[in-house]
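Encoded as structure tokens, the structure appears first; notes follow it.
Just so you know, these numbers come straight off a predicted model, no measurement behind them. Below, chains carry the letters A, B, ... as their sequence lines are ordered, and counting in each starts from 1.
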2 protein chains.
Amino acid sequence: MKIALAQLNYHIGHFEQNTQKMLDYIKQAREKGADMVLFGELATCGYPPRDFLEFRDFIHRAEASVDRLREASEGIAVVVGSPSVNPIVDGKDLRNSAYFLYDKKILGVAHKALLPTYDIFDEYRYFEPATEFEVIEFKGRRFALTVCEDIWNIANDNPLYTVCPMDHLKAQGCEVLLNLSASPFDYAHASERIRIVQANARKYEVPVFYSNHSGAQTEIIFDGGSLVCAANGDLQDEMPYFKECLRVYDLEQIVNEPHAHKENQKDKIELMHNALVRGVRDYFHKLGFQKAILGLSGGIDSALSTVIATRALGPENVNVLLMPSQYSSDHSVKDAEALARNLGIHYEIMPIKRPYYAFEHVLKEIFEGTESGIAEENIQSRCRGILLMATSNKFGHILLNTTNKSEMAVGYGTLYGDLAGGLSVIGDVYKTEAFEMSRWINRDEEIIPWNTITKPPSAELKPDQKDTDSLPPYEELDPILYDYIELRLGPKEIIEKGHDPELVARILRLVNINEFKRHQTPPVLRVSPKAFGMGRRMPIVAKYLA
Amino acid sequence: MKIALAQLNYHIGHFEQNTQKMLDYIKQAREKGADMVLFGELATCGYPPRDFLEFRDFIHRAEASVDRLREASEGIAVVVGSPSVNPIVDGKDLRNSAYFLYDKKILGVAHKALLPTYDIFDEYRYFEPATEFEVIEFKGRRFALTVCEDIWNIANDNPLYTVCPMDHLKAQGCEVLLNLSASPFDYAHASERIRIVQANARKYEVPVFYSNHSGAQTEIIFDGGSLVCAANGDLQDEMPYFKECLRVYDLEQIVNEPHAHKENQKDKIELMHNALVRGVRDYFHKLGFQKAILGLSGGIDSALSTVIATRALGPENVNVLLMPSQYSSDHSVKDAEALARNLGIHYEIMPIKRPYYAFEHVLKEIFEGTESGIAEENIQSRCRGILLMATSNKFGHILLNTTNKSEMAVGYGTLYGDLAGGLSVIGDVYKTEAFEMSRWINRDEEIIPWNTITKPPSAELKPDQKDTDSLPPYEELDPILYDYIELRLGPKEIIEKGHDPELVARILRLVNINEFKRHQTPPVLRVSPKAFGMGRRMPIVAKYLA
């Protein structure tokens, strides 16, 4: 028997396109002699559909897609994820289902039992978990059909759950494990995914076919990396990251002559970089945009974001504005120009002096007698925001935000100024990681001017300003932020790691009191296990460590 | 036996203040001869604590608060909600618990079984539901202790749930039902709450003591309205809305001589207005701010928001900027000045002409040969945003946003311009409701100039502009928005109600494609059953009806 994995880039709510794409891949799989083709979790509607699931019309459209796929299943089994209506009155309205379609019939439906409801996931908001499990017989073999998280509680070792679907399906004599996933990227996830698939194969002594999404949906990036694993735990294949792909596997060969296969390379910085490129590209294309605009300061964050944007969209689609003020150093403009030349992108220089003075004039009377400070610094940043947004509005660009995760964390940025934009490119990349990534980009040739990488970071909003005037060095700051944000340690535990107590208190306070800013920043491409955005939900008027 | 209900305004994460407040109320209750005092759900940490619950340090502090309250329970039972650690390895880490403390001991703990995970609620993200229930004996009576939603599945009639805690507790012979709630306001909720409490009383033939939070936590407003109900379903008392309150009730009297009591008045517009006043006040005070700034255009939205702000903070704490452009009509400034005088608030006039021209000058070259349009309109709006934010930054004000729900829905507003602010005052009030509320405010005297209410709405960003240039009249728009947002109807169902198919398609598309704007707008005070914000979670790169 030949089993095809189709690792596809779906578009949320784009039923017509998702269905047509799957129909095309069914055709390809059939041409390649496949007996079965696996798509992804909730493939009809895309993942995560979020509260669109509460619209009955949306569910009807998903059902209509399943119908069309069923009609196309003549002679080939089509295994596809879609939301389905829960026929039982008690409990949530919907189930997160996987359909096994064959010869225009529904041969079986499996419902997801383990519903991730943490971090970016909200599945129990919508779905009733399955409590019953049944193997599906096809061409004389017993298949265990599961959805994503269902295989993440092997032998009940995951403290989040009390149910283990595979225990039931194994008891029914399943011979092959199929899993439809929508498992998002973070820099640590691909290894974990392989570990889980191998553990399932070994524990239940079955080969595993694991089909993931590829492509990004706003902040969530699916990396693909679909897997085939033999019953002895030997990896048979890991499909490529961040692209669509169809591959056909011979089940008999995997059962009878499994071989050990090499995994894809997993360099953290390279993976993050590639994820960000995919994330930017899909954000634009799924919204129907081609062109980006960014503000280029000569600093490392805007340089790195511009490189990523250029790789995602092509140099012809990236425009940058250089907007010096009286406080900008000479090298700022020079470094920014050098980068633009290296990338072959279009740039304009627009000094902000005139609008800045105009605001100073209007505010003169009420600002009389006050000392120049944050208000004045923010005006500069917001003048740049206006110029970028005006250009973006005029020419149909999307403004990309260039704030890094360290700045996002401590609120080092101006709302409606440098925190503006449609999408945050590196908002989940700590400053120290931004340095690493920039050096990695420059590994063969200077793309980002070395001066941009080596000079001390500065917002250049007042004379001789340095980031270290108000923040500790990033080598000191980032580990504290990591302990608090990723590890969710308390102040005591962080101090015990050897950090200065006053500094820890100050940093944690900054993180917490700046929640109001993060509430209004663009969606952040998620590349770490704990990104700002939908996976980290914090109150604004809170008085914890604040 | 005397039972006290303490309906309090907690502050998320402010353990010290919440605990001290409860200690004070224990003292008051004791002085009034109470045998027992009921606080709210998760009262130690405030509601909703959101992802702070994932910080072990946060949970430890909540446990320490419970300890302090236990120490203070000599001679009086203290019933208080707090998160607790789930001792069982399988399942979520925490439980949403209610402690029954007496004479320095824990007499019993009840855990919440029905965990709302819809709209603004995320409880299954954190908590393991209870599956066991036990009555608590105190002074010879059997008490059923429940948490909020636990009483919202009477006799299993709520399709969301499969468990009914009171069925178990009734079987154990409970004589009195205690409920600790954190049940947020919307204009329809208070009646529903009374209906549920009465239905529980009648069904289980027990008196009910229901204690709610009062006060706002960012966008969520708790209205109080705590309830006491006799076993026959007769309401004994409904505590006031939107304020803290302690009242002591005689259980014997309620058992032996129940009387029918009048409910509080429930006028929709008045309730919404009072909720918004509470919401603005608590946002400022919990963040440690006193002073607000708003842009006053002469239109109804900014006028209404300013009235609410003035009632929340006092006229001495409200400052407004009038920022006319070349397109502003004469009456705009006049109407705005009249409102400021009526309210006794400080205002400044700052024309935006100069900064606008400065931007025009900087952009002249690249805008050459293009037609004036959205880009130019947005610059005006953003110049106002800068002036408001600069003033706010300089003097420590919070900028209040004045966009209404109809505009929020269709994206009729400028990001970083009129969509800026720390809090949206009327973002959950449709334009037609804003008119109603303004007329209601003017019921006895002209507070908002009548001209502001009666003139045709206009953004005044180009000559003779009217809202109806690009939108249908609000009387036509708002019902379509309500059907789509509140009722989640599909296009077909909305058209069947008699609306023009093309208009419906256009409006629904506008709602969906403007999700990117709502992602970056301030938190919206929630007064309806479906507000923009944490209770309505939508993808940005979606292609559903878009």
Side-chain angles (χ1 to χ4, degrees), chain A residues 11-14 50-52 54-58 89-91 117-118 124-125 159 162 217-218 283 286-287 348 350 354-355 358-359 361-363 366-367 370 374-375 378-379 382 385-387 389-391 393-394 416 420 422 488 490 516 519-520 522-523 536-544, chain B residues 11-14 50-52 54-58 89-91 117-118 124-125 159 162 217-218 283 286-287 348 350 354-355 358-359 361-363 366-367 370 374-375 378-379 382 385-387 389-391 393-394 416 420 422 488 490 516 519-520 522-523 536-544:
Chain A
H11 187 171
I12 295 168
H14 206 337
R50 311 199 77 190
D51 285 2
F52 280 138
E54 296 180 353
F55 289 71
R56 198 41 69 106
D57 174 72
F58 189 88
V89 173
D90 278 339
T117 305
Y118 53 78
Y124 188 66
R125 185 173 169 91
T162 54
Q217 310 277 12
T218 314
Y283 185 78
K286 288 182 180 177
L287 286 177
E348 298 275 348
M350 291 189 189
R354 234 175 212 266
F359 282 115
H361 178 88
V362 178
L363 292 162
I366 68 160
F367 278 17
T370 70
I374 296 285
N378 284 345
I379 293 174
R382 291 187 181 119
I386 288 195
L387 289 171
M389 287 303 295
T391 312
N393 288 161
K394 179 60 82 178
Y416 323 135
R488 300 190 272 294
F516 80 100
H519 190 92
Q520 297 190 40
R536 189 174 186 276
R537 304 176 186 174
M538 290 294 173
I540 293 178
V541 294
K543 196 76 186 170
Y544 172 59
Chain B
H11 187 172
I12 295 169
H14 206 337
R50 311 199 77 191
D51 285 2
F52 279 138
E54 297 181 352
F55 289 71
R56 197 41 70 105
D57 173 72
F58 189 87
V89 172
D90 278 340
T117 305
Y118 53 78
Y124 189 66
R125 185 174 169 91
T162 55
Q217 310 276 12
T218 314
Y283 186 77
K286 287 183 180 176
L287 285 176
E348 298 275 348
M350 291 190 189
R354 235 175 214 266
F359 283 113
H361 178 87
V362 178
L363 292 162
I366 69 161
F367 278 18
T370 69
I374 297 286
N378 283 345
I379 293 173
R382 290 188 180 118
I386 288 194
L387 290 171
M389 286 304 294
T391 314
N393 289 160
K394 179 60 81 176
Y416 323 135
R488 300 191 273 293
F516 79 100
H519 190 92
Q520 297 189 40
R536 190 174 186 277
R537 303 176 188 174
M538 290 295 173
I540 293 178
V541 294
K543 196 77 184 171
Y544 172 59

In terms of heavy-atom pairs under 4.5 Å with chain B, which of [options] leads?
options                           : value
P539(A), G422(A), A420(A)         : P539(A)
Y124(A), F55(A), Y118(A), F516(A) : F55(A)
I540(A), L287(A), V89(A), I386(A) : I386(A)

Identify the heavy atoms of [X] and [Y] that sit nearest to each other, and give their distance.
X       : Y       : value
A390(A) : A375(B) : O-CB, 3.7 Å
D90(B)  : T162(A) : CB-CG2, 3.7 Å
P355(A) : V362(B) : CD-CG2, 3.7 Å
N393(B) : N378(A) : OD1-ND2, 2.8 Å
D57(B)  : G490(A) : CB-CA, 3.8 Å
V541(B) : Y283(A) : CG1-CD1, 3.6 Å

*Select one option (side chain, backbone, both, neither) describing which atoms of E348(A) are under 4.5 Å from chain B's heavy atoms.*
side chain
*Using non-hydrogen atoms only, which part of H519(A) is less than 4.5 Å away from chain B: side chain, backbone, both, or neither?*
both
*Contact winner vs chain A - K286(B), R354(B), R125(B), heavy-atom pairs under 4.5 Å*: R125(B)
_Options G91(B), A358(B), G385(B), ranked by heavy-atom pairs under 4.5 Å with chain A, top entry_ = G91(B)
How long is the straight-line distance from [atom2] of [Y] back to [atom1] of [X], given to the nearest 0.5 Å?
X       : Y       : atom1 : atom2 : result
M538(B) : T218(A) : CE    : OG1   : 13.0 Å
L387(A) : R382(B) : CG    : CZ    : 11.0 Å
I366(B) : M350(A) : CD1   : CE    : 3.5 Å

*When the ring planes of Y544(B) and F58(A) are compared, do they come out parallel, tilted or perpendicular, using 30° and 60° as the limits?*
perpendicular
